[in-house]
Amino acid sequence: MSLNAESTAFRSALEVIRAVEPRVADAIGAELADQRESLKLIASENYASPATLLAMGNWFSDKYAEGTIGRRFYAGCQNVDTVEALAAEHAKELFGAAHAYVQPHSGIDANLVAFWAILADRVESPALKKAQVRQVNDLTEADWFALRRELGNQRMLGMSLDAGGHLTHGFRPNISGKMFDQRSYGTDPVTGLIDYDKVAEAAREFKPLILVAGYSAYPRKVNFRIMREIADSVGATFMVDMAHFAGLVAGKVFTGDFDPVPHAHIVTTTTHKSLRGPRGGMVLCGPELADQVDRGCPMVLGGPLPHVMAAKAVALAEARWPDFADYAQRIVDNAQALAEGLLRRGAKLVTGGTDNHLVLIDVSGYGLTGRQAEQALLDSGIVTNRNAVPQDPNGAWYTSGIRIGTPALTTRGLGGTEMDTTAELIHTVLSQTKPGSNADGTPSKAKYVLDPALAETVSKQASDLLSGFPLYPAVDLG
Ligand code: DSN
């Protein structure tokens, strides 16, 4: 029997790798086996298509292409230009954006490019203006000193980490928290929802240069029209980090007030989450910021990864197919089915449900920390990650939450019935796990007690559930 193209391609690639370093070939094969076996509920992960994966494994990796199309620092970039232009064209059409920059290597990188572009556009600095118009040699030491002072300490207002914001929106463990003077807006303590009046109040008091919207653990839609009005009312640049929900924007599940692209001055994203592309980032903006954004490399970024840009072009082409809209809608339907299944079984959910791709379980309702719950679920074949909940008493390390998301399982084809079974498995594990103690008898935030037989039974049930939905069905590694 002859093999299909995908199986032939991956088998051949592994054979070539095995001849040099068999342990790498084995690890790649083992990763596929592990992903096939586990119930992957990490809200920021997905499964890219074979075409997207294959577009990354080639000689584009060998090419330097600093700069951008028409402004390269290296010769011989004509083929890189082709894929960079294709990826940007697909992105612009898909999202209705005037400009797309597809070089960022990750979401952090995309945000740094956006921060640079906004600072360069907005900060009143005569020295910076001189530096922009290439009079760098005319700048005195005093100019450079002034430039550094004026660029630093600018104000940013973003969503607080424990309300679901992201590290790169001005928090201390990230450089944004060290460069910017940052304030946060949270969520309403009763509803768990963004209170736009409170955001407006914080903006009026703080007068940020940048207002950031976007999240990695907020299970609801954000009204970007209102956020833009708030930004305009205080003269802030409005930036949206749509990394988590870019697939829902691409698939036209988030439209009108909930589509960030028409409302924000600048939008950043990763390409590997709900958008289902290769691991990387991207920036979308209007013409006024485009020139500064295009200076991302070498201003902020290392040399572009042309092989990943090729894969971005493939994945973005796929996201323009009509079935992607169906996929995006099913992500949300599945998240809602999962939330309903959990609520029906008595779980406590932040905001009481979801209208995007993720659900945040407050596991204090089960008497557990996020750390205990995450490990107990992992023992039972269910891969999730712990996450802070608003005003979390256990902080960002142990946490009180478990974040789950449906982009990956939806790609595998699981639907509402399977989401209910998944809710049952999660509830069974969490309700049967008990907090553990330290050696001296004091309560531990990490240790837990779970009957190994129960964990094994749930693992088997998870694997049975997945067996009807093979991952990469066209890929047979033999
Ligand atoms: N690490 C990503 C997530 O899991 O949400 C965001 O950077």
Side-chain angles (χ1 to χ4, degrees), residues 35 38-48 104-115 156 158-177 182 184 187 212-222 239-249 254 260 267-283 300-301 308 312 331-332 335 338 350-351 354 356-361 363 370-371 373-375 377-378 382-390 392 396-411:
Q35 294 210 20
S38 59
L39 199 62
K40 175 149 99 168
L41 283 161
I42 294 186
S44 48
E45 293 188 4
N46 211 328
Y47 306 106
H105 310 156
S106 69
I108 287 191
D109 290 3
N111 286 349
L112 282 176
V113 170
F115 296 152
M156 174 185 290
M159 190 172 197
S160 71
L161 262 189
D162 71 352
H166 192 253
L167 275 186
T168 55
H169 303 171
F171 294 94
R172 295 285 150 86
N174 178 255
I175 190 170
S176 58
Q182 197 267 10
S184 310
T187 45
V212 186
Y215 52 79
S216 54
Y218 179 68
R220 295 292 176 178
K221 289 181 184 173
V222 175
M239 167 175 161
V240 176
D241 177 345
M242 67 168 182
H244 260 263
F245 51 92
L248 306 184
V249 179
F254 285 1
V267 176
T268 59
T269 187
T270 51
T271 45
H272 51 271
K273 297 189 174 87
S274 54
L275 193 53
R276 207 162 60 178
R279 190 158 291 283
M282 197 160 72
V283 181
V300 175
L301 302 174
V308 181
K312 286 173 183 169
I331 291 177
V332 178
L338 193 51
V350 173
T351 78
T354 180
N356 58 23
H357 63 298
L358 71 86
V359 176
L360 193 56
I361 311 173
V363 293
R371 175 88 188 266
E374 177 192 80
Q375 287 303 312
L377 289 167
L378 189 63
I382 303 172
V383 188
T384 64
N385 69 283
R386 65 188 187 279
N387 208 103
V389 299
D392 199 316
W397 179 249
Y398 291 108
T399 82
S400 304
I402 284 289
R403 185 186 70 166
I404 52 182
T406 52
L409 291 185
T410 306
T411 294

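None of the values given here were measured: they were computed from a predicted structure. For ligands, and for the atoms within them, numbers begin at 1 and follow the listed sequence.
Residue Lys273 places no N or O, backbone or side chain, under 3.5 Å from any N or O of ligand 1.
Remark: the Asn387 side chain and the Thr399 side chain contain no N/O donor-acceptor pair separated by less than 3.5 Å. Side-chain atoms of Arg220 and Thr351 form a donor-acceptor pair, as typed in the model, at a separation below 3.5 Å. With no hydrogens or angles considered, a side-chain donor-acceptor pair links His169 and Asp241 at under 3.5 Å.
The closest protein non-hydrogen atom to atom 6 (C) of ligand 1 is His166 NE2, 3.3 Å. His244 NE2, 2.7 Å is the protein heavy atom nearest to atom 5 (O) of ligand 1.
Here the CD1-CG distance, from Ile42 to Leu409, works out to 11.0 Å after rounding to the nearest 0.5 Å.
If you look at His272 next to ligand 1, there are no close heavy atoms at all, none under 4.0 Å.
Which parts of ligand 1 touch Ser44 is read off a 4.0 Å heavy-atom cut-off, strictly below it: atoms 3 (C), 4 (O), 5 (O). Listed by number with element, the atoms of ligand 1 under 4.0 angstrom from any heavy atom of Arg403 are 3 (C), 4 (O), 5 (O). Taking every non-hydrogen atom of Ser216 and a distance limit under 4.0 Å, the qualifying atoms of ligand 1 come out as 5 (O).
Checked by atom type and distance alone, the side chain of Arg279 never pairs as donor or acceptor with a backbone atom of Ser106 at under 3.5 Å.
Heavy-atom contacts from other residues, nucleotides or ligands closer than 6.0 Å to CD1 of Ile175 number 12 or fewer.
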